[in-house]
Amino acid sequence: ARTMTLEDLSHVSRGLGPNEWWDAVTGRDEYGELLTTFMHKRWGISLQIYHDSRRSFLPFRFIPNLGWISNSPKGYAQAVLMLGSGKVEVVDYWFASRHLQELNNARETDTILPASMEMGEWSGRRVGNVMLIENFDLLYSSQDDCFTERRQLLLTEQGFIFLGMGGTTVSVQYNENGELVPPGTPESYLEGDFCYLSESSAIRSSVMPALLGVPPNEVTEPYDKLCAAMKEMAVQQRANNPFSRMLAPYAYTNTRKHGWKWIGKGTGNMLDGSKVFGE
């Protein structure tokens, strides 16, 4: 098997952006679950996404560089998990480990990621200077009206940026000297010595527009509209609930055209200060 080191890599850039620096393989892990593993040809950054909706909500898993594979004192790949809360945790396991060897053996080949990819619940397409991979599934809690953010993975020539569910972004990107660099927001901070964490709102407003080649409002406005739609959905669900209307009959009215609607004080959403049933 080919040794996992950097010194012999002879790939020459062809000006095709991230699609030539990243490679991917799709297959099943040790438990039969379908997933796609990506590896950066130069730095050996690796990450995985599960195709199935249920599995796609597992913590985001990545390997910061080849050293975590070839120089692991335990003899097998260590990885980093990004939990739903935005916290990161180092773990001693990596699913579908054979993918790493397969991708490593192909690091000097002239493979190119396609301009569009469909991976179960994930959709990828080339936009500007990145390969943008998104999952549009969200989690919502009727207990407090909280909902997760849309997950977005940006593959760049230097590494990746991942916007997670809890409003936190993790970034692993290297400069030409192999030094870990921040994504470009002032408040980004180094976590351990292997990744940068940032607020997703700052990434959307100050980093993504330049990478995607679009005005800032084309990134921020769709997110704001999604948040507004999720909040309206939560209020409408309570309006459709007979128990809510029994507890607070004065807060709802039945319209002929649109059915039950909220008419109480404020927005009716708990994120804006309303009570559980609008009472």
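Position 1 is the first residue of the sequence, and the numbers go up from there.
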Short side-chain to backbone donor-acceptor contact, His99 and Phe38, under 3.5 Å: no
Restricting to non-hydrogen atoms, name the atom on Ser123 and the atom on Glu118 that form the minimum distance, rounded to 0.1 Å. OG-OE1, 2.9 Å
How close do Gly44 and Leu66 get, heavy atom to heavy atom, and via which atoms? CA-CG, 3.5 Å
Examine distances only and state if a side-chain atom of Lys41 and a backbone atom of Glu20 form a donor-acceptor pair shorter than 3.5 Å. yes
Test log, rule side chain to side chain donor-acceptor pair (under 3.5 Å), inputs Thr169 and Ser198: CA-CA 5 Å; Thr169 293; Ser198 317; over 6 Å; no
Any donor-acceptor pair under 3.5 Å from Asn217 side chain to Glu221 backbone: no
Would you say the rings of Phe60 and Phe160 are close, in the sense that their centroids are separated by under 6.0 Å? yes
Listed once per pair and sorted, the ring-ring contact (aromatic ring centres under 6.0 Å, His included) pairs that draw on residues 188-238, sequence neighbours left out: Trp68-Phe194
Would you confirm whether Arg125, through its side chain, and Met117, through its main-chain N or O, come within 3.5 Å as a donor-acceptor pair? no
Cation-pi check, Arg238 to Tyr252: give yes when NZ or CZ is under 6.0 Å from the six-membered ring centre and within 45° of the ring axis, no otherwise. no
Against Asp23, only a single residue in Thr109, Thr37, Thr111 fulfils side-chain hydrogen bond (donor to acceptor under 3.5 Å, both in side chains); can you say which? Thr111
Which residue, Val130, Ile45, Leu113, forms the side-chain contact (heavy atoms from CB on, under 4.5 Å) with Leu155? Leu113
